[in-house]
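Taking it in order: structure first as structure tokens, then the write-up.
Counting begins at 1 with the first residue of the sequence.
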Amino acid sequence: AIIQESGADALKLEGGDGVFESIRALTLGGIPVVSHLGLTPQSVGVLGGYKVQGKDEQSAKKLIEDSIKCEQAGAMMLVLECVPAELTAKIKEEVSIPVIGIGAGSKADGQVLVYHDVVGHGVDRTPKFVKQYAKIDGKIESALSDYVRDVKEPVFPEEKHSFQINQTVLQGLYGGK
């Protein structure tokens, strides 16, 4: 019911080992699954922080194996985060499902970035793989300060921001007084 009520097209699950059976069960239950491998934000503490994943031979092979297992378990798409571009290209050759990259190079089938990173809102540090298209924090702070000032002065709301009631109705509310 959560998928239907939320309007989501799929459920994203992070990780490989221990997640394959969940992918299989959800898929068999009719819930499309997107697998997320590499840097998995929900497990960043276990991974040793925000670091590139799959840089050595052992971890690269593990990412390739996990990608294949995710597809075999029924994942309909794969997100690779913070992995070397060459590894993304290799994984893309090994699976038939779409591969979406976030900090995974240009060889993925598609790209995704976190909204806040793209517009520069509420972020103290921008990851290397992010291209920031704006820095809106200052504009937001300025707009909110202007709003507070206008309410206190008071110059907001103006009549054009207010709704009116028919005078006959108003008189009826006050008993014709």
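With hydrogens and angles left out, the side-chain atoms of Gln53 and Ser59 include no donor and acceptor closer than 3.5 Å.
Put simply, CD on Glu71 and CD1 on Ile97 are 5.0 Å apart, with the number rounded to the nearest 0.5 Å. Atom CG of Leu37 sits about 7.5 Å away from atom CD1 of Ile91, to the nearest 0.5 Å. Atoms NZ and CD1, from Lys69 and Ile64 in turn, are 12.5 Å apart once rounded to the nearest 0.5 Å. To the nearest 0.5 Å, atom CD of residue Glu141 and atom CG of residue Leu144 are 8.0 Å apart. A distance of 12.5 Å separates CE in Met76 from CD1 in Ile23, rounded to the nearest 0.5 Å. Expressed to the nearest 0.5 Å, how far OG of Ser96 lies from CG of Leu78 amounts to 11.0 Å.
Other residues, nucleotides and ligands contribute more than 12 heavy atoms inside 6.0 Å of the CZ atom of Phe156. The number of heavy-atom neighbours closer than 6.0 Å to NZ of Lys62, taken from other residues, nucleotides and ligands shown, is above 12. The environment of Lys135 atom NZ is dense: over 12 non-hydrogen atoms of other residues, nucleotides or ligands sit within 6.0 angstrom. No more than 12 heavy atoms of other residues, nucleotides or ligands sit less than 6.0 Å from atom CG of Asp9. Surrounding NZ of Lys12 are more than 12 heavy atoms belonging to other residues, nucleotides or ligands, all under 6.0 Å away. By the neighbour-count criterion of 12 heavy atoms within 6.0 Å, atom CD of Glu153 is densely surrounded, having more than that number from other residues, nucleotides or ligands.
Side chain of Thr88 to main chain of Ala104: a donor-acceptor pair is present (N/O by atom type, distance under 3.5 Å, no hydrogens or angles). The main-chain N or O of Val155 is never found under 3.5 Å from a side-chain atom of Asp150 such that the two would form a donor-acceptor pair. Side-chain atoms of Ser67 come within 3.5 Å of backbone N or O of Leu63 as a donor-acceptor pair. Within the 3.5 Å criterion, the main-chain N or O of Gly16 finds no donor-acceptor partner in the side chain of Asp66. Side-chain atoms of Glu14 do not come within 3.5 Å of backbone N or O of Ser35 as any donor-acceptor pair. Using a distance-only test at 3.5 Å, with no hydrogens or angles considered, a donor-acceptor pair links the side chain of Ser162 to the main chain of Glu158.
Across all their heavy atoms, Phe20 and Ala73 have their closest contact at O-CB, 3.5 Å. Of all non-hydrogen atoms in Thr40 and Gly15, the two that sit nearest each other are CG2-N, 3.8 Å. Of all heavy-atom pairs between Ala10 and Val34, the closest is CB-CG2, 3.8 Å. Considering all non-hydrogen atoms of both residues, Ile165 and Leu170 come closest at CG2-CB, 4.0 Å. Nearest approach of Pro84 to Gly54, heavy atoms of both residues: CG-O, 3.9 Å. Closest non-hydrogen pair, Lys92 versus Lys107, comes out as CD-O, 3.0 Å.
When the side chains of ILVMFWY residues are joined at heavy-atom separations under 4.5 Å, either directly or via intervening members, Leu80 and Val112 end up in two distinct hydrophobic clusters. At a threshold of 4.5 Å between side-chain heavy atoms, the hydrophobic network of Ile, Leu, Val, Met, Phe, Trp and Tyr places Tyr115 and Val123 in two separate groups. Hydrophobic clustering, with ILVMFWY side chains joined whenever heavy atoms are under 4.5 angstrom apart, keeps Leu11 apart from Val79. No single ILVMFWY cluster, assembled from side-chain heavy atoms under 4.5 Å apart, contains both Leu39 and Leu113.
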Q: Output, in order, the C-alpha distance, side-chain angles, deciding distance and verdict of salt bridge (charged side-chain N to carboxylate O under 4.0 Å, His left out) for Glu57 and Lys61.
A: CA-CA 6 Å; Glu57 187 175 346; Lys61 284 182 177 179; 3.0 Å; yes

Q.
Could you walk me through whether Met77 and Ile100 satisfy the side chain to side chain contact (heavy atoms under 4.5 Å, CB included) test, starting with their C-alpha distance in whole Å, then the side-chain angles of each, then the deciding distance to 0.1 Å, before giving a yes or no?
A. CA-CA 8 Å; Met77 190 178 341; Ile100 306 302; 3.4 Å; yes

Q: With side chain to side chain contact (heavy atoms under 4.5 Å, CB included) as the test, would you mind laying out the steps for Ile102 and Val114 before giving the verdict?
A: CA-CA 9 Å; Ile102 176 168; Val114 174; 4.3 Å; yes

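When each of Leu28, Thr27, Leu26 is tested with Arg24 by the rule side-chain contact (heavy atoms from CB on, under 4.5 Å), just one qualifies, namely Leu28.
With salt bridges taken as basic N to acidic carboxylate O contacts below 4.0 Å, none links Lys90 and Glu86.
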